[in-house]
> 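Before anything else, here's the structure in question.
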Amino acid sequence: MSGATVSAALLGLLFVCFTTAPPVQENVEISSFHINSTVTSRYAITVITSRVKNQHTDSKEIHFEVKIPKNAFISKFRMTIEGKTYDGVVKEKEAAQQQYSEAVARGESAGVVSSVGRTLEEFKTSVTVAALSKVTFELTYEELLQRRHGKYDLLINAQPMQPVADFKIDVSIKENPGISFLEVKGDLNSGELANAVTTTRSGEEAWIHFYPTSDQQTTCSSCTENGLNGDLIITYDVERTNPNGDIQIMNKYFVHFFAPANLIRTPKNVVFIIDRSGSMYGRKIQQTRSALDHILGDLDSGDHFGLILFDSSVDVWKRELIQATSSNVNLAKQFVKTIQDRGTTDINSAVLKGVEMLNKHQREGSASILILLTDGAPNTGESSPDRIRVNVKEAIGKKMSLYCLGFGFDVNYDFLEKMALENNGFARRIYEDSDASDQLQGFYKEVATLLLFDLELLYEGASNLTETAYSMYYNGSEIIVAGEITNNSLESLKVEVVAFSRSNKVTYAKDVSLKALPDVEPQHENVTQRVWAYLKVKQLLKKELTLTGAEKEAAKKEALDLSLQYSFVTPLTSMVVTKPQKSDTQIAHKPEERGVRGEGGRVGHGQVVPRVPYGGGGYHGHHFSLGGSSRLGAGRGYAGGATGSNGQPGGGSRLRYTIRGPPREPGFFFSPPVLSASPDYGYDDYDSPPQPMPTRISSILWNPPPKAAVKSVRFLSSSSGQSKPLCYDVPSASKLLLLKDLSSGFSMSGELTQSGTGFDQIALHYKTDHHLSVSTADINFSDGQKAFRLVWGQVPTVHQADGVSVILRDSELDVTLGGVRVVILLHKEGGNVFLWPAVRQQPKHGSLQGILAKTSLQYEELPGFIIKISDQEEAASLSTAKDYRLSSAPIVGCWLVRLQFALQGELSDFTVAQL
């Protein structure tokens with residue numbers, strides 16, 4: 001069925017974007033697209049309305065895709081078709097899942113909210129529209145804007161797939177204290193398009209309109225034939241003349257915005273705990289060094305700081321914290337330049353060492369902060385995340401704050417988030433992109449200038465308060481507290497803030513009369529109540545992460561009740577959308593920030609129940625789930641995340657399945673098929689073309705006959721500049737040409753293990769007389785004149801001569817032969833011992849051959865899980881693989897493709913007769 005896609009997005013505080021899905025086909029017209037965002041007292045309610053007309057003479061499937069901020073809650077969705085409106089209903093997740101499962105069993109389609117980037121998640125739905133008919137989509141979501149670096153940013157990015165005659169962006173901002181500054185910039189406010197932007201300000205209010213004509217949408221400097229492509233950025237802040245803060249009261253609910261200015265900086269004691277394990281190799285460690293260089297330069301001279309580096313061991317730069325004088329900072333910068341990756345990850349010892357350093361350096365009138373940066377999970381020393389959390393919480397004892405920065409998607413972010421929340425801090429993911437250094441610096445700027453600590457906000461006569469105790473207040477941020485005024489006889493709301501600045505106790509007090517409150521426009525009268533509900537739900541969800549037992553269940557229930565009462569799509573609720581055709585049901589789940597994982601599914605109980613007979617949905621299998629959106633073509637399908645027992649969601653493995661065998665007869669539909677499923681890093685591939693699928697499939701028992709597994713080893717391509725690497729499987733026991741440089745006479749070959757884990761042995765040759773043979777038992781080297789033998793695990797050994805270097809450290813062999821540097825790692829996993837080569841340096845000029853010759857395989861992602869290299873396209877599946885090129889062997893997400901496609905050749909092109 002043909003598709004037309006209408007897309008929009010909001011990024012950061014508000015970010016609206018049209019995706020780069022396939023262009024809208026002829027005769028499917030976006031007749032109008034309106035974005036209306038109303039910001040009242042920092043609370044943004046955004047409505048996106050799209051009208052699409054099917055000008056075909058037959059029905060068409062119209063897709064609606066909306067990207068919204070991860071901090072936002074969807075609160076309303078509706079579709080209007082031929083005068084009839086279909087509304088989404090927010091339900092408890094389990095109830096919604098049951099309704100969804102019943103729809104799936106009837107063969108209906110499914111929809112989700114999925115994570116698509118740093119600050120975005122995507123809502124998708126589709127509907128079949130009759131010939132020459134129209135459909136109107138309307139989505140509403142809500143978000144409390146966060147103040148960072150002294151401002152609120154409104155970023156709108158427009159990239160439609162066709163010029164839209166009626167395209168409008170309307171933003172209105174109303175702030176009772178007054179708007180201190182307002183700026184509109186970006187590509188969409190430059191050149192000819194600047195004429196389409198109008199800005200009006202009047203004291204407490206501002207209006208921004210963007211109404212480009214159809215011609216302007218195609219002729220501007222950042223436009224294409226498909227219409228607009230650029231940003232509209234609105235930056236503003238409010239007047240802050242009252243140090244007691246701004247208090248808004250409407251309909252018995254109040255919101256207190258507290259952000260005092262002109263305060264003296266409070267000194268801080270800060271310890272940076274930096275992961276230098278093997279997985280930080282390359283760009284990660286380079287970006288960390290660069291960020292630390294800038295961060296150290298931003299330390300105030302009154303601050304004291306320390307540096308801790310950790311892998312399997314913990315090293316301190318100085319045994320005690322030192323003052324951030326210019327000379328000390330310069331010395332620290334020189335030290336930072338020497339940080340190198342190595343070893344495994346002992347988070348427990350590193351954080352406890354940081355706590356010990358801060359405890360030894362307590363200064364009255366200062367605050368203590370730990371900043372942990374890591375890209376992996378604890379895998380040496382104390383490796384239990386739960387035990388580490390207990391150890392750290394007991395050591396900190398509420399005396400300092402811990403901020404956890406998780407580098408990349410392989411990190412155990414759930415563990416870091418809980419540990420930070422338990423210790424007066426928060427966690428942030430640092431995305432492994434070219435600007436990771438800027439992300440690290442941006443985080444530090446948020447906590448660079450400490451103004452107040454140990455804050456307590458008190459409200460006499462109010463109840464149902466959101467959080468009122470805060471450990472730190474930083475310059476450029478804002479503390480927001482909301483509550484309900486339940487005493488009807490109360491004449492004024494008494495507000496008091498008690499905090500500490502340096503060695504001084506600071507008190508802010510204010511009485512707000514409840515008798516002469518200003519009139520409120522009807523459209524704004526419930527804003528403070530919704531701010532209260534939004535804050536309450538957000539805080540309860542965070543609190544629930546760190547609680548256990550009855551307290552955890554109580555917090556979860558309160559968050560659920562509020563989510564249902566205010567129709568918020570949260571991690572505890574889902575939106576059920578019943579569509580007009582055949583009562584199709586879709587469900588919108590809010591995803592969690594947990595790194596790479598599958599789309600989940602449910603555990604079956606010995607029956608195969610089809611979601612969609614052919615080409616969609618997934619299958620419930622015996623003690624595992626094949627969930628999510630699957631593909632079925634050329635005899636293979638791809639499914640969602642593997643589950644644990646008893647129907648619990650899986651953690652990130654994806655399953656691949658194959659259906660073999662023809663239907664017996666139309667009345668029976670299937671003789672029991674062979675349904676093979678295994679983790680993507682060792683699956684059974686199909687070995688015969690698919691047979692015709694029946695139009696209906698009855699429920700059948702799953703009882704596959706035994707079948708010998710085809711062993712294979714998973715390889716990862718490099719992924720520089722790509723969203724994720726490609727991965728592919730090579731048959732076990734293959735003898736492979738890994739790398740050959742014709743100009744220098746270097747070559748490296750390896751033989752894969754029979755068990756499908758890695759390499760049994762690797763041989764390197766250089767010129768005519770240098771030979772290095774590496775096995776899981778020993779290392780043998782000869783240069784034509786002398787030879788030596790090394791054994792894994794012996795004391796560190798170094799051999800260097802005439803452009804040749806062989807260095808053995810623990811389980812790593814570092815080899816340099818001419819212009820090629822290779823590190824061979826010895827891995828021990830599940831009783832298996834195997835080798836893996838990691839090319840660290842290739843010749844700048846040379847004719848390279850072999851399976852590892854390509855340093856980065858460039859590809860293009862197309863809609864529908866299609867990967868394109870040059871002019872070739874391949875169906876791919878999202879999968880995972882262990883990156884054995886690093887000693888920590890982190891699990892990474894990847895696009896799984898055929899070997900022939902990834903290598904652009906046959907396996908025989910990369911095999912050798914002998915090593």
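Numbering of residues begins at 1 and proceeds along the displayed sequence.
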> Are any of the side-chain nitrogens in Asp315 or Arg342 under 4.0 Å away from the carboxylate oxygens of its partner?
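Yes.
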
> Should the pair Arg840 and Tyr281 be classed as cation-pi, given the thresholds of under 6.0 Å to the six-membered ring centre and 45° from the axis?
yes

> Relative to each other, are the rings of His827 and Phe834 parallel, tilted or perpendicular (30° and 60° limits)?
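Rings of His827 and Phe834: parallel, under 30°.
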
> Before we go on, tell me: are the rings of Tyr403 and Phe426 under 6.0 Å apart, centre to centre?
yes

> Looking only at heavy atoms, which two atoms of Ser349 and Val314 are closest? And how far apart?
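Taking every non-hydrogen atom into account, CB-CG2, 3.8 Å.
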
> Could Glu544 and Lys552 be called an ion pair, given the rule that one side-chain N must be under 4.0 Å from one carboxylate O?
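Looking at Glu544 and Lys552, the cut-off is met.
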
> Is the shortest side-chain N to carboxylate O distance from Asp298 to Lys445 below 4.0 Å?
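Between Lys445 and Asp298 there is no salt bridge, as every charged N stays at least 4.0 Å from the carboxylate O atoms.
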
> Taking only Lys NZ, Arg NE, NH1 and NH2, and the carboxylate oxygens of Asp or Glu, determine whether Glu356 and Lys360 approach each other closer than 4.0 Å.
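Yes.
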
> Applying the side chain to side chain contact (heavy atoms under 4.5 Å, CB included) test to Tyr728, which of Ile851, Val713, Leu716 qualifies?
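Option passing the side chain to side chain contact (heavy atoms under 4.5 Å, CB included) with Tyr728: Ile851.
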
> I'd like to know if Lys543 pairs up with Glu467 as an ion pair, taking the criterion as any Lys NZ or Arg NE/NH1/NH2 lying under 4.0 Å from an Asp or Glu carboxylate oxygen.
no

> Under a plain distance cut-off of 3.5 Å, with no hydrogens placed, do Asp435 and Gln439 share a side-chain donor-acceptor pair?
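Looking only at side-chain atoms, Asp435 and Gln439 do form a donor-acceptor pair, the distance falling under 3.5 Å.
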
> I need the minimum non-hydrogen distance between Thr757 and Tyr884, along with the two atoms involved.
O-CE1, 4.1 Å

> Quick check: closest heavy atoms across Lys828 and Val833, and the distance to 0.1 Å?
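Taking Lys828 first and Val833 second, the nearest heavy atoms are CG-CG2, 4.1 Å.
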
> Salt bridge or not for Arg428 and Glu446, using N-O below 4.0 Å?
yes

> I'd like to know if Lys418 pairs up with Asp414 as an ion pair, taking the criterion as any Lys NZ or Arg NE/NH1/NH2 lying under 4.0 Å from an Asp or Glu carboxylate oxygen.
yes

> Is the shortest side-chain N to carboxylate O distance from Asp341 to Arg276 below 4.0 Å?
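Judged by the 4.0 Å cut-off on N to carboxylate O distance, Asp341 and Arg276 do not form a salt bridge.
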
> Report the relative orientation of the aromatic rings in His304 and His361; use parallel for angles under 30°, tilted for 30 to 60°, perpendicular for over 60°.
tilted

> Could you tell me whether Arg429 sits above the aromatic face of Tyr413, with NZ or CZ closer than 6.0 angstrom to the six-membered ring centre and within 45 degrees of the axis?
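Checked: cation-pi criterion met.
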
> Could you pull out the closest heavy-atom pair between Arg363 and Pro267, with the gap in Å?
NH2-CB, 3.7 Å

> Taking all non-hydrogen atoms of both residues into account, name the closest pair between Thr380 and Ser312 and its distance.
CG2-CA, 3.8 Å

> Would you please classify the geometry between the Trp836 ring and the Phe715 ring as parallel, tilted or perpendicular, with 30° and 60° separating the classes?
tilted

> Only one of Leu813, Asp783, Val804, Ile762 forms a side chain to side chain contact (heavy atoms under 4.5 Å, CB included) with Leu772, so which one is it?
Leu813

